[in-house]
Amino acid sequence: MPRDPRFDILFNPIRIGPVTAPNRFYQAPHCNGMGRMFPDSMIAMRGMKAEGGWGIVATEQCDFHPTGDVQPFTETRLWGDMDVPYLAGMVNAVHKHGSLAAIELVHNGHDTGNMYSREVPIGPMHRPVSWHNHPVQARAMDLSDIRAFRRWHRNAALRARQAGFDIVVVYAGHDGTMPSHFLSRHHNQRADEYGGCLENRMRLYRELLEDTLEAVGDTMGVVARFAVDEMMGPDGLEWENEGRDAIEMLAEMPDMWDVNVSDWPNDSKTSRFAPEGYQEDYIAFVKQVTSKPVAAVGRYTSPDTMVSAIRRGLVDIICAARPSIADPFLPNKIKEGRADDIRECIGCNICAAWNNLSAPIRCTQNPTMGEEWRKGWHPENIAPKASDAHVLIVGAGPAGLEAAHALGKRGYRVTLAEAGAQAGGRVSRESALPNLNAWARVRDYRLGQIAPMANVDLYLNSSLSAEQVLEFGADHVVLATGAAWRRDGVGRHIRTPVPGAEFPHALSPDDIMDGKLPQTGPVVVFDDDHYYMGSMMADLLAGEGYQVTLATPETCVSSWTEHTLEQGHIEKRLVDLGVEILPRHSVMSQGEGAVELVNLVTGERFNRQGFLLPVTMRLPNDSLYFALKDEPARLKAAGTKSMCRIGDCYGPATIAAAIYAGHRYARELDTCVDPDGVPFKTIRYDLELGA
Ligand code: ADP
Ligand code: SF4
């Protein structure tokens, strides 16, 4: 299909100093938990972005000296010549598709604990390192340290050129790099020429840009990645004053500006806390003060919004990390007139979480993310069917929908039966929670893809029994029947049911999502899940006017959401809604209209008026599976060759895990999988073996 001409502007080449990007799609530097540890995976993932049409593909942050060692995070590294070859591998993978390769050089200053290198951390001032309150301090750099620092950065730029990169990003952002530490009044109270007035605090950044331009600027584009607002009020840079002054000072120096806000939780806000394009108000001034190209992120997934951002004079280049993770082929889909096929990011930050956990990246929407090399999964291509099998899938939640989608793409005949009046399972229910509407994209993308497939039939209002499954007689039966929240408080902390929690009025998150609100309040949410659901229950009920207490055995509310960069935002929202938060508390019992709580530190027990809403764990809806498993002879007689469970019905987990399970089932059907082997390629290490 021809491209809609209104999107042409996105495909105009643009010069960035001595190099030219083929279009306006810039895959921003993004961490991926693979980097130097799993280089083949990282290289294949970056190459896939270029294949999908991203005109510039960047590394994640690449630390360039042992004093800025990011262990335990698995980013890229360029400490010396020995690191050039694997980075050159990434460059080649990107160049193969005609895109430019960019490298983001970083030194995380006083944020790193130097766990691997054991070097003493450095920064503008003496201060404890920020990483996990690690019990060591960064020492204040003197002028000779600053000279050495500039040399390390320059050497890294030269090595980046040796690796073949086209663009080098000089990085002062996210409140997490040496130049941003020097820039911030909050971090820098030096009395020399590198502290005090803005010009002095900008000195190191200016010098890094000058050094880089002098060293490689004749052949490489030099990009300034810069946070114009630290989102900490007058304690930090604000875009209206010093943020603007800073850009004005260096306006024409770099070949391109890539601007955002810091720190990372503010830059990469989830959809629960910020809409598409949410940084526009902060960065809008930049194009007015420079003639150089400007790029900015904003979780842009809609081509119309992208075009609008360019036409309104906000940016020249669309910068995107998460949208490129959810759909590496986003640019090509727009180019080929297939914008409706874009797999839109839902803004959940599961991708960031896996990086923060030092694990290879995964994505809720894109099950192939991180599997490009080790499983050979391509986000758009899948092997054709290997038989004429007919597959019956029971349950159209994320697992069932993705299995149907991927099997349908392979060409199998698929029947998808869903008990409810709507497809989507937990995604449909959870996307109706406050501010989670973008999550419905998980369902809508798959329904949109399945709709034109003549070989896939979806039946709603079709709750199947074991008898009906047997009667149907499919070649393969897949149970994707989901899971249900427990009502009795059992979970990580409490191992036996809470006395009284089985009252007829005891509720679960499923009840609340089904609209069964408590007849009277108050409500005590007991959150032993620690991801989003506890806070969502509190959010929804407080919004409905209930008085809400949230008790958790953890030291803070929604503790796991530290990894999705949401914890601070969630805590603020609940406080703003008037929710009483009780950290380090557990539940003893549910009585008549009162919940008995215990302070886990002091042992003090006390009552809170109201009803208990435990958010602790889910149990699989696997009765259909076991009913069928008990009938091997009848399954055989029905011609059913295999029967299995996937997704939450097998092991309750994230939506990302359910999508992955559905996709994996489809990929592996009619293939030989060694049950005793490792189900993916692993890397070989070159060992010295004691030599
Ligand atoms: P997952 O995350 O694993 O996809 P969900 O809980 O989101 O699981 O979805 C499971 C879906 O299965 C729900 O929409 C539910 O209505 C449906 N379901 C459960 N049991 C049956 C059944 N016996 N027949 C048809 N659909 C079912
Ligand atoms: Fe978007 Fe979530 Fe995928 Fe990250 S994990 S790219 S936020 S859909």
Side-chain angles (χ1 to χ4, degrees), residues 30-32 268-272 276 299 301 320-328 330 343-355 361-370 379 392-404 415-431 438-439 441-443 445-446 458-469 472 477-485 510 513-514 563-566 618-625 627-628 645-662 665:
H30 71 74
C31 301
N32 54 84
S268 291
K269 276 194 178 166
T270 55
S271 55
R272 183 174 171 187
E276 190 174 1
R299 223 178 54 246
T301 55
R322 290 171 290 177
S324 78
I325 294 168
D327 197 338
L330 181 150
R343 198 168 39 241
E344 285 183 278
C345 168
I346 68 165
C348 63
N349 279 5
I350 279 289
C351 49
W354 254 245
N355 173 73
I361 190 170
R362 71 182 311 167
C363 169
T364 300
Q365 275 283 56
N366 175 8
T368 68
M369 177 48 52
L392 170 66
I393 303 171
V394 186
L401 276 174
E402 176 58 20
T415 300
L416 177 55
E418 165 55 45
Q422 191 189 16
R426 63 181 291 191
V427 163
S428 292
R429 301 158 73 139
E430 294 178 20
S431 61
W439 289 25
R441 293 170 175 180
V442 171
R443 173 197 65 208
Y445 165 72
R446 287 164 180 86
L458 166 63
Y459 295 96
L460 299 174
N461 301 308
S462 304
S463 175
L464 296 193
S465 63
E467 284 304 318
Q468 287 166 315
V469 172
F472 192 86
V477 173
V478 185
L479 301 173
T481 47
W485 287 95
D510 290 318
M513 288 189 280
D514 285 343
H563 306 303
T564 56
L565 313 173
E566 292 174 290
R618 290 176 297 151
L619 287 173
N621 298 327
D622 51 13
S623 53
L624 182 56
Y625 171 79
L628 288 165
R645 38 192 176 149
I646 60 169
D648 290 324
C649 161
Y650 187 48
T654 56
I655 296 169
I659 292 286
Y660 184 83
Y665 176 84

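Worth saying up front: this structure is predicted, and the values here are computed from it rather than measured. Numbering of ligands and ligand atoms starts at 1, following listing order.
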Determine whether a donor-acceptor pair (N or O, by modelled atom type, separation under 3.5 Å) exists between the side chain of Arg362 and the backbone of Ile350. no
Checklist line | Within-4.5 Å side-chain heavy-atom neighbours: Val442 and Glu402 | finding: no
At a cut-off of 2.8 Å, protein N/O/S around atom 4 (Fe) of ligand 2 gives Cys351 SG
Rounded to the nearest 0.5 Å, the OG1 atom of Thr415 sits from the CD1 atom of Ile393 at a distance of 8.5 Å
Report task. State whether the side chain of Glu418 and the backbone N or O of Asn461 hold a donor-acceptor pair below 3.5 Å, judged by distance alone. Result -> no
Fill in: Pair Arg299 + Glu276, salt bridge at N-O below 4.0 Å
no
Backbone N/O of Asn621 and side chain of Thr481: donor-acceptor pair under 3.5 Å:
yes
Can you list every pair where an N/O of ligand 1 is under 3.5 Å from an N/O on the protein?
residue, atom, partner, partner atom, Å
ligand 1, 2 (O), Asp648, OD2, 2.5
ligand 1, 3 (O), Asp648, N, 2.8
ligand 1, 4 (O), Pro398, N, 3.1
ligand 1, 4 (O), Ala399, N, 2.8
ligand 1, 7 (O), Arg426, N, 2.7
ligand 1, 12 (O), Ala480, O, 3.4
ligand 1, 14 (O), Glu418, OE1, 2.7
ligand 1, 14 (O), Glu418, OE2, 3.0
ligand 1, 16 (O), Glu418, OE2, 2.6
ligand 1, 23 (N), Leu464, O, 3.0
ligand 1, 24 (N), Leu464, N, 3.0
ligand 1, 26 (N), Ala419, N, 3.0

Do Pro652 and Pro620 come within less than 4.5 Å of each other through their side chains, counting heavy atoms only? yes
- Is any side-chain heavy atom of Gln365 closer than 4.5 Å to a side-chain heavy atom of Asp327? no
Notebook entry, point to check: Under 4.5 Å between any side-chain heavy atoms of Arg429 and Asp510, yes or no?
Noted result: yes
